[in-house]
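Here's the structure we're looking at; comments come further down.
Numbering starts at 1 and runs along the sequence shown.
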Amino acid sequence: MTSFPRSLRSLALILPALLLSPSTALAQDAALPAPTALQTGDETPWIYEGSDVPRDKEWLFGAMDNGLRYAVRRNGVPPDQVSIRVRIDAGSLHERDEERGFAHLLEHLLFRESKYLGPGEAIPTWQRLGATFGSDTNAETSPTHTAYKLDLPNIDNAKLEESFKLLSGMIREPVINRRNLEAEVPIVMAEKRERGGAAQRSGDATRQTLFAGQRLSTRSPIGTIETLQGARASKVKAFHRRWYRPENTVISVAGDADPEQLAALVEKYFGDWRGRGELTPAPDFGDPAAPTGADPENPVGETVVVVERDLPRSFTFAVMRPWRPVQDTIAYNQGLLRDALAQALINRRLEAKARAGGSYLYAQVQQDDVSRSTDATFVSFAPLSEDWQTALADVRGVIADALATPPGDEEIAREIAEFEQVFTSSVAERAVMPGSRLADDIVQAVDIREAVASPETVLMVFNGMKDTITPEQILEHTRALFTGSVIRASYVTPAEGEASASGVQTALLEKAAVDPNARLASEPISFEELPAIGSAGQVEKAEPIGVLDIEQVQLSNGVKAIIWSNTAEPGRVAVKVRFGGGYRAFEADQGPYMALGKTALVSSGVGELGQEELDRISTGRKMGFNFGITEGAFTFFAQTRPEDLADQLYLFAAKLAMPRWDTAPVERATAAARLAYESFATSPAGVLNRDLELFLRDGDARFATPDLAALAETTPEGFREVWEPLLAQGPIEVHIFGDFDREEGLAALAKTFGALPPRDALDEAVAGRMTRFPASSETEILRHRGDANQAAAVMAWPSGAGVAGLRESRQLEILVQLFNNRLLDAMRERAGASYAPVVRSEWPSDAPSGGRITAFAQLQPRDVPIFFQEADRIADDLVANPPSADELERVTEPLRQYISRASTGNLFWLFQLEGATTDARLITYLRPLLSDYSRTTPEIMQMLAKRYFGSRDGFRLAVIPEGQQLATTIPEGVVSGR
């Protein structure tokens, strides 16, 4: 097996050195004083106080005199990146009534202007440093905290110091004035509007009921229209002064740098920070409590029925307990693991009942500590019809059985095997855990007031208890999960009069009938007992492709594979199979079955294995079976382990050789599609999800989301009739990338895919099928049934497809990112019309057509003309004028850094080489990949703009509320454009 460092050295001979230069971890900057607040020696780090959980010694912890705490560690995944998180212990639960929404508004204002960054400079500055806005540079506001997140690529000492300086200015000294509020409040209002609608209303009603009497019931982070419009600089400054203090701040940093340097930078830029006035204690979040007179044995309290005509039915009830801080000990974590096992057992039984054709589509039990407000056990399910009482009784019956009788030893063993696989894999994969996730782990641990544990510690705790688990223990923990202070419920239905709050309450007060029928057979199934795919084939050829140690393999039956055995990601193997014609393979009348196949094909079984048997045979294994459809192929994909690779390949090959056609998965998928269909009309985004693809393909009936009438016409027999020939269609390409033994992998490949019968080339009529782009110059208008202040607008232009234009597609991505930055600036910053407009490019390399550039925004109906005007203006300007060098750098630097980071993982190379066994140009085009994405000229951008924006008008589509007419003029007083 090749080692990854050697692979990187090989790659440096092929691609520009910028792509994967050797990692150069930063050394301690001699100019920085040594950190003084590190907790060393026998001193207990602040996060482990009161805990006997073994320390993760890769973290260094510091507690400063001003009360700020920090955690730093070295991490080289990806190389040359440092991830910084600043957590402020203040969210929406810390707001006074007149301040609702201020925590989130303040998050926006920190990015608007601060001590070292002028108005609107934050995003461009981070882009010039290589960070992509929205992914590398982001923030979040929750009920309990506000967290600022920076992932800084290609870091050096100067960039690192500058980043800490800028970040300290944002946190400590944002500029909060009338001008900045007038700029940001409309953006927050746009965000609030885009989140609104039926789903938001039902969510609000559910939250108000489940958390009745607690602050969480009335404090959504987005705030209210009244408080946001009433925001004044003095009030927001007061909120910042009250909560943005070092005592409320935790900073976590993980990255490719000396941890002591990171600690020194934290201390340098935050060490002299002092809060003003006395520290304000956090408010009391409240406890869940049963109403007076509730039955202590079954304390049913508040219930609500929410009627939203376009939402599918959903039912949630929760057993609520007060949340209290815990001593995060080993014994406590062992209890959590027993809780998790109890939930897993119930959930497997609930799923089995649903698969068997029960009264609900899905059901799940989940314990959660919610916003330091409640320790609750939530039960959620989706009734298949208006008979919600039967669905509720069925779900409660499965739970009642778990509360009445201990589980069997075999059931417990099955769940233990699943947990053990997860924990063992986490240890194996620890070396490739990204720094961004590690930094997030500290934020999460602080939020729930618990410690952090290494994967080795988690496995140790699990191994130390797994042999002591008994059915009686699981029964005890199950009963504790369903014991609480109060039980509350919410039922969302599209039908007026179908249920009442009192009716829901009465149903929950009734004693549940024990249903033992969902208990599952647990006899193990062995792969050795399964029939062979056929006679094993031979490896006829295995030769390097000239990149790294990647090889192309040809089997005797014509199957081709691309494999790369390497140790870059210990314990991980990625497997992908491509076959058939993808979307091109369907006839005009097969659209409903195309849609159903995405959810029903895999679950319909393999050979002797139905869905339950597939679950059982993979117990304790890391196996997957994701099915996808691209423009030019069908795909199977899984992330597995070296020891499971051969069996993973068997499952994939068996699906092609001996597919099974169980009817229940098709019927369940059809039921799910029926329930979802009406919900598309609830919002502009839902309507686009339903109809945009159909319009962008010029009315191609295959891409029409099947309506209720079309779904009524589908049958399991029809499903098989469509899909059976498709599974046998076209050549097969297999990709295996990761930590596996090359010889064993080749042997498994020959035994599975090599045993399939030879397959013919894709039919020419299918291979040459073209996608049409709409020619209409008139604005298409669709309507939704959601809120009257919601709309969406789309503009699109045809681009290209195929491998021949792949290099141009990479340059086109730069142009599209330029467009995206300008549209964000115009719609969000200037017009205040849209929170997050998006421009994206699609260029299928595995089909002869289907490429397009699409711009999208959610906005108010009156602002639709602004979007079209701005998109036209930007397109015309890119055609007429080349972009500036600085504007290009703001796009190319983040793209360069993204490619450099992504290319350190196996999946990057796997995705780049899909289809390479049939078109070797994909291998050739690996060489200029980085430069194609990151090196260009203003003149090339202008040339591409002329080609794709200047040759025709963009296709236009608007989604507006029912009963309204499309606005055609810019609202008075709105300033758009530069």
Just wondering, are more than 12 heavy atoms of other shown residues or ligands nearer than 6.0 Å to [atom1] in [X]?
X	atom1	result
E721	CD	no
Q538	CD	no
K751	NZ	no

Side-chain donor/acceptor of [X] to backbone N/O of [Y], under 3.5 Å:
X	Y	result
S565	F740	yes
T424	Q421	no
Q343	Q367	yes
N557	F753	yes
E744	D741	no
Q648	V575	no
S679	A676	yes
R641	R572	no
Y360	L350	yes
T567	P570	no

Regarding [X] and [Y], is there a side-chain donor-to-acceptor distance under 3.5 Å anywhere?
X	Y	value
N566	N906	yes
S359	D394	yes
E498	T493	yes
Q364	N347	no
D846	T630	yes

Quick one: pull up [atom1] in [X] and [atom2] in [Y] and give me the separation to the nearest 0.5 Å.
X	Y	atom1	atom2	result
T705	Y677	OG1	OH	7.0 Å
R769	E764	CZ	CD	13.0 Å
L555	K541	CG	NZ	12.0 Å
E351	I346	CD	CD1	14.5 Å
R759	F579	CZ	CZ	7.0 Å
L601	K598	CG	NZ	12.5 Å

[X] to [Y] - nearest heavy-atom pair and separation:
X	Y	answer
Y583	M594	CD2-SD, 3.4 Å
L708	E678	CD1-OE2, 3.8 Å
Q554	K560	OE1-CE, 3.5 Å
R348	R414	NH1-NH2, 3.0 Å
P406	L475	CG-CD2, 3.8 Å
G850	A801	N-CB, 4.2 Å

Is there a side-chain contact between [X] and [Y], using heavy atoms and a 4.5 Å cut-off?
X	Y	answer
P716	E667	yes
I525	T619	no
F378	V365	no
I617	L530	yes
L649	V734	yes
R668	R355	yes
R519	D401	yes
Y491	R313	yes

_Salt bridge or not between E551 and R742? Use side-chain N to carboxylate O under 4.0 Å._
yes
*Is E411 salt-bridged to R349, cutoff N-O under 4.0 Å?*
yes
*asked:* Before we go on, tell me: are the rings of W723 and F627 under 6.0 Å apart, centre to centre?
replied: yes
*Please find out if less than 6.0 Å separates the ring center of Y362 from that of F381.*
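No, the ring of Y362 stays outside the 6.0 Å limit from the ring of F381, centre to centre.
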*asked:* I want to check a possible cation-pi pair here: K655 against W661, using under 6.0 Å from ring centre and within 45° of the ring axis as the test.
replied: yes
*Can R697 be said to sit on top of F703's aromatic six-ring, NZ or CZ under 6.0 Å from centre and within 45° of the ring axis?*
yes
*Should the pair F315 and F317 be assigned to parallel (<30°), tilted (30 to 60°) or perpendicular (>60°) ring geometry?*
perpendicular
*Please work out whether the ring planes of F637 and F911 are parallel, tilted or perpendicular, with thresholds of 30° and 60°.*
tilted
_The single option from I563, T640, L910 passing side-chain contact (heavy atoms from CB on, under 4.5 Å) against I736_ = I563
*Audit row: R584, E631, salt bridge (Lys or Arg N to Asp or Glu O under 4.0 Å) steps and yes/no*: CA-CA 7 Å; R584 298 173 297 172; E631 205 70 34; over 6 Å; no
